[in-house]
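Just so we're on the same page: letters track the sequence lines, and every chain starts at 1.
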Amino acid sequence: MSLYKQLWLAVIFMLTLVFGGSFLVSSLSAKAYLEEQLRMKNADNATALALSLTQQGADEVLLELTLSAQFDTGFYEMIQLADPEGQVTILREDTQAADDAPAWFIKLFPITGEPGIASVMNGWQQVGVLTLRSHSRFAYAELWQSTQKMALVFLVAMILAGILGSYLLKIILRPLDEVVEQAKAIGERRFITVPEPKTLEFRKVVNSMNNLSARIKQVLAQEAKRLEKWQREAHVDKVTGLMKREPFMKGLEAALDSDDVNSTGSLCLIRLSGLMPLNQKYGHKVIDSMLGDMGKTLNKIAVEHSRWAASRLNGSDFALMAPRAMNADEAAREVQAVFQEILENRSMEHDMSLPGAATIYEHGDSIGSIMTRLDSSMLIAEREGESHINVAHKGDIQLTTVREQMGEWRARFEQAFAEHQFSLSGFPAVNTKGELLHMEAPVRMELGGEIISAGRFLPWINRLEMSGLLDQEVIDLALRLIEKKGQPVCVNLSVAAVVEPAFLNWLSQRLASHSSAATGLWMEISESMAFRHLKSFKMLCNRAKEHNVKIGIEHMGHQLAELGELHDVGVDYLKVDANFVRDINDNVANQNLLRNLCTVGHSIGVIVIGENVRTEEEWETLKEIGADGATGPGIKI
Amino acid sequence: MVFLACSLALAQTDLDRMQSLAKSRYGQQTVDRVAQWRTMIDDIQGLPEEQKLIQVNDFFNTRIRWVQDPEAWGKKDYWATPLETMGNGKGDCEDFAIAKYATLILAGVDVNKLRITYVKAQIGGPYSKINAAHMVLAYYDSPSADPKILDNLIGDVRPASKRKDLTPVYGFNSKGLWVGGAATPATTNPGAKLSRWRDLLQRAAAEGLG
């Protein structure tokens, strides 16, 4: 029962009780008062009448006339005269029913005025006994009216008290909504803090929940810092702050393997030609500081773009991987320019040259072929002397320009959307018991009778800014698939799903109309997008929660420092980037990293899933360090 | 038992209380008088009512001195209880009538036969021109009988027909005023004090004539 209902019941009960009590008391005292008044009036009137009859002498006609006159002009119920033997000789009685008050009321509060009795004499002779009773109907009317008035007053008081009470209750309970909101959020693993309400009892609750949220946030932030430090130590070159060769190559490999927008891009090499002799000329310290500056600027370029990565491959070789870049050498020229500036600042530009090589990599390329391409291209660049950048093309020389290609792709996509030529493939993601978590479903497109993978067309979708449309298509496909197969399906969403405001409304409507299928839907978005658009991502999460859709972050692990931001987001799962999963059975540093990530994830109720697990060994190691699930070519159901 | 007929349910007559009040309030002489009074009541219980009337009439006429109210009580028109009358040794006409009325009821006379009656008295006989307001006690052997008059002006009990000097105005007894054994005790009734007669009944009850 709601508090409002209870309040109304209490008010009605209380006031009915009070009304009942005061009604009883006032009615009884009024009844007693009226009875007393009636009795006195009866006695006085009887005496007065008897006195006057006694004075007049006992003529029978006179007696009758006097009594009639008294009865007819007065307010009597009954006047009777009985002779000394008790025989009634004259009787005047009003037999009208009293209709001034309802019969039940009269029955409930009978007013019995004692009759007045007096003896009538004639000289010394007794004539009889006069008995007289006044009418009590006026008393009833009075009592009934006052009761009605009182009932009305109490009814008004009851309504007023109820309304006032409801209003007060509303004021008192207002903070409760916030408390409930917060509790709900915490239940959904969104550890939010809310302002403390004024009501003491609620303040205590909110205070402790705020403390809980704050502590979770703190723990997450601390863990994130620690994880990032570990990651740095394992993966980062100390002098330049850039990624070491091994993790960079793993990243590249993972990108080439991946089925998303990052599987195509440019890769460039910049060589500090003539670095070795400079070490002797200027000393290690100067050169290290120069390298450090270069690392910083290179990192700066990398972090400006999602999933770009920079590395010092060896002493003098720097590499920049620029996923989604369309021109092979654009990034290389930028790097070259900033390096040149650093050299010029130190007046070393004549001691060194900055030859570079760049190429476009695509989904399905092998690392070996790309690196071979770059190395030979670098040889050419070095041979040309100065700071030349040589662009290596895969196979034959690229004939069509980017602009032409975009036109082609646009036509293809328009046709694909119109004819619904997209489909979902499926790879199982399993939990540690080998049970299906969901079917990971990357999107496929039919092109000229051939099914092409996401890695090939996603970059173009992205460039053509059609990814929002694709996200909608993908969600529709997934919902249909869930309805058909009854298995949970996981789809990757693009940044459009996060940043396009219209998408949220579309999503809500679509999920609402497929509410049962929605419970089997898992949606994920890449780490860099989630953190870059954290606010919008939270809104997406809230929408998803409303429809019991699971939401997660994929390619997790590159921005661990920002892990603490997740305390009030409410994600359900994290998918660890393939970079960290690759050969994890041999990589102690990554094991430590993931072990901690799992611990942190579990502490806020989030499950951790390894991406792109290829071997049984990797999966076993992941299980050991606490991962909750895995997906990839090595996972079968 | 003054109000035997009407007040049996209310309180018990407590003549011992009356006697102890006589002692504390008035002294030994009154105690003796009350004792005599009680003896007299006991003595006449078995006698015919005619005899009771004479005994009671004599008892008060000989022991109580007739005075006007202001002299007896210091206020105009005060109705004294039997105990007050006996304690004071004097009283006016209504004090006599009341004391006789109360005593006769205690002696077993039916209250219905008694009327305290307002009379106009011609002082000095039926032909006197001096009229005075007076009160006597009338006894009706039967409702239609010629009543016997117990008066303090004339020592013996005479029938009304022999009392040409008295003209009755109005008669009453405790029945007419205290009807049907009213359920509420007189003392708690706010209307009680208003009537002189009822006020007297209350005071008498408090003195033991419950």
Margin query: To the nearest 0.5 Å, what is the distance between CG on Leu51(A) and OH on Tyr118(B)?
Written below: 9.5 Å

Notebook entry, point to check: So, does Tyr170(B) use its side chain to make a donor-acceptor pair with the main chain of Ala48(A) at under 3.5 Å?
Noted result: no

Margin query: Nearest 0.5 angstrom please: Gln126(A) CD to Arg115(B) CZ, how far?
Written below: 4.0 Å

Next item on the list: Verify the neighbour count for atom CD of Gln45(B): are there more than 12 heavy atoms of other residues, nucleotides or ligands below 6.0 Å?
Entry: yes

Note to self: Suppose a student defines contact as a heavy atom less than 4.5 Å from any heavy atom of chain A. Which residues in residues 154-169 of chain B would they list?
What the structure shows: Ala160(B), Leu166(B), Pro168(B), Val169(B)

Next item on the list: Go through the atoms of Ala50(A) and report whether side chain, backbone, both or neither lie under 4.5 Å from a heavy atom of chain B.
Entry: both

Note to self: If you count heavy atoms of other groups shown closer than 6.0 angstrom to CD of Gln36(B), is the number above 12?
What the structure shows: yes

Check: Looking at Tyr140(B) and Trp124(A), what are the two nearest heavy atoms and their distance?
Finding: OH-O, 2.6 Å

Donor-acceptor list for residues 15-24 of chain A side chains, cut-off 3.5 Å, not counting sequence neighbours:
{"from": "Thr16(A)", "atom 1": "OG1", "to": "Ile12(A)", "atom 2": "O", "distance (Å)": "2.4"}
{"from": "Ser22(A)", "atom 1": "OG", "to": "Val18(A)", "atom 2": "O", "distance (Å)": "3.0"}
{"from": "Ser22(A)", "atom 1": "OG", "to": "Phe19(A)", "atom 2": "O", "distance (Å)": "3.3"}

